[in-house]
Trainee: 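Sharing a structure with you now.
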Amino acid sequence: MDELYLDNIDEYVNDHNKIVTYKWLSLTLGVHVNTAKQMLYHYLDHKRKESSAQLHATYLVSGKFVDNGQTSHKVSVVREDQLEDFKAKMSLVVSVHVYSVQRALLRDSGPLYAVDYDAVKDNLKNCSRYSAIHCASAVPMSSVELQQAREVQQAPTPEPENKKAGMNGDTSPVLKSSAKPPKGIMGMFANKSAPKSQDKTKEMKPEKKEDIEAPKSKPVAKANPVANFFGTQTSKKPEKPVKEEEAPQSSSRAAQQLERSKPEEKQETVAPVEPQKDTKKDSRSKTKRLEDSDGEEEKMEKKKRRRIKKPEPDSSDEDVIPDSPQPVVTREPSSPSPKKEVEPDRHSHPSSEMKIRKRRRVMKSHTFVDGDGCMGYSLYVYTQALSCFTCLYLFMRNLCIQGRAGIFCEKCVLSKNALASAQLNFFSLRDLIAAFIFLQV
Amino acid sequence: MTTLTRQDLNFGQVVADILCEFLEVAIHLILYVREVYPSGIFQKRKKYNVPVQMSCHPELNQYIQDTLHCIKPLIEKNDAEKVVVVIMDKEHHPVERFVFEISQPPLLSISSDTLLSHVEQLLRAFILKISVCDAVLNSNPPGCSFTVLVHTRDAATRNMEKVQVIKDFPWIVADEQEVHMQEPRLIPLKTMTSDIVKMQLYVEERAQKT
């Protein structure tokens, strides 16, 4: 290999004062990433021997970590001065290579991302040309298959797709399935597989083709039963985006002090984060719908359904009232296990749920800054009935046990107006939304 | 595909908005990289699709925002020639000056649809350059503070003194001591030319800092 590259790298690092990452180098010089890594290593070695200019390097270390008996595989970018410490903590070091070389001592990892951003963006179509990660079955779809896939998705839900603007494409699975409640108990059993595989389709569209075939016929058929199901509520066609569904509900609800705009925006942001867990969630939410269909307003039901869809799977343990696992077992062997965890909670919920529905709950959510200057999310809740308070307390206790929230006031005080209140502090926005939606019912 | 002239105030406002947003991010980043304030008050945020460090301290943020709010009308009218972030040591002698020279071409032409994304790319490069500037600069003595100076064309400051843009946030004419530095060393960082604005960033550094 000729030594010209050493001069090239020297020019980038010293004259232009650039951060040279292996990825940027491979795209700039047109070489395989492993060659780029070796080039950087040799350059570093060469310069260190000469001991001329001061250079700093970062390394990519990957290996196994043991944490409380649990092994995990960790991949990190570390500065050179922290490298040995880091390697010592790992139980097994799988690979170490130079990530970048630069003159400046980087205080944080932000510039490392910024440096590659433009180079990757320019080479988006062939950014993996020099990559070492290959998958033989990951081939781009032919134009015919692409067309078919597009037709399948465009047919059932044209409107939820509108919401894609400003969000990842991944949001559409969640929105779509929440917009398609089942016809009834029997309808649910019949159609349960369709939305689920539809979701999967959306997520894995670029990679797997086999999922596409399954839901092709189903989504179109579903549109009609769903429309009939809602009957009188013509304004709430399932095809409408979730936002519009919320609007009539909020006006009808007693809790008008709710800050509607915020939760809606938050819900939209929650949606893109959940694509991977969709399939699991679907099974549980479907069975939840079964429970709800007894003697409730349709509005409530829709709200509930959406409620289940939106929260994260890990937080839906308390939200979801599991139904008989039979319909679930046939499709997803993994889902019965989360179901079983939820069973114990079931008993406290149905009775309290009934009461909750009839009572008022007023909530305000806002962000706060706690003592350390860290941002958190808090939800201030108060109820007007003692019965509500007990279930509220159970709910909060569950959240605390799961480590997802902190309660600001340990005791919930009953004031003169028989009001019980508490402030829940959440560490993540998702959990706040989940709680918010749950408590609204 | 339209050509606008300087008189089109709407577009002038757009340019001023873009520049002020950028200057806010740049000032925060300079404070972080030059360690004017402890790094604990900074938090990673996203701007121009890359992570940047912004401070969480409310008073500092308010100060920077008020400063830029007052500068904005000057930029709109193309009266601001330079915006300078001066880092001073304990005796209030400047040790470093980050100079943003701004000029706007007389005829603003939006000739391409990708203008704004191109500008974003250029601003991203500025952010990156500031992040690595400590390779070319000597480290500052401890206990530094900072201030922002604006060099204007002609006599635009006369208007500023008459009209207080923000209440209780007066601008005063800078001392000679703050404006000029002894034995400055000039280090250019980045230049950008685009259809809507031309900007140059360089650092004047005092040869002996301690």
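Both backbone and side-chain heavy atoms feed into the values below; hydrogens, waters and symmetry mates do not. Below, read A as the first sequence line, B as the second, and so on, with proteins coming before strands; counting in each chain starts at 1.
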Trainee: So among A/Tyr41, A/Tyr59, A/Tyr22, which one has a ring pair (Phe, Tyr, Trp, His ring centres under 6.0 Å) with A/His97?
Mentor: A/Tyr22
Trainee: As a test of understanding, state which of B/Ile27, B/Val203, B/Leu23 forms a side-chain contact (heavy atoms from CB on, under 4.5 Å) with B/Val85.
Mentor: B/Ile27
Trainee: Would you call the rings of B/Phe22 and B/Phe100 parallel, tilted or perpendicular if under 30° counts as parallel and over 60° as perpendicular?
Mentor: perpendicular
Trainee: Is any side-chain heavy atom of B/Glu96 closer than 4.5 Å to one of B/Glu204?
Mentor: no
Trainee: Spell out the residues in residues 28-38 of chain B that have some non-hydrogen atom less than 4.5 Å away from a non-hydrogen atom of chain A, in order of number; otherwise answer 'none'.
Mentor: B/Tyr32, B/Val33, B/Glu35
Trainee: Checking side-chain polar atoms at under 3.5 Å, does B/Lys198 have a donor or acceptor matched by the opposite partner on B/Thr191?
Mentor: no
Trainee: B/Ile41, B/Ile127, B/Asn49: which one forms the most heavy-atom pairs within less than 4.5 Å of chain A?
Mentor: B/Asn49
Trainee: Contact part of A/Asp108 toward chain B, heavy-atom cut-off under 4.5 Å: side chain, backbone, both or neither?
Mentor: both
Trainee: At a heavy-atom distance under 4.5 Å, which candidate from B/Ala125, B/Pro51, B/Ser131 has the highest pair count against chain A?
Mentor: B/Pro51
Trainee: Do A/Phe65 and A/Phe86 have their ring centres less than 6.0 Å from each other?
Mentor: yes
Trainee: Is there a side chain to side chain donor-acceptor pair (under 3.5 Å) between B/Gln62 and B/Asp66 once you walk through the steps?
Mentor: CA-CA 6 Å; B/Gln62 191 60 40; B/Asp66 287 342; 3.2 Å; yes
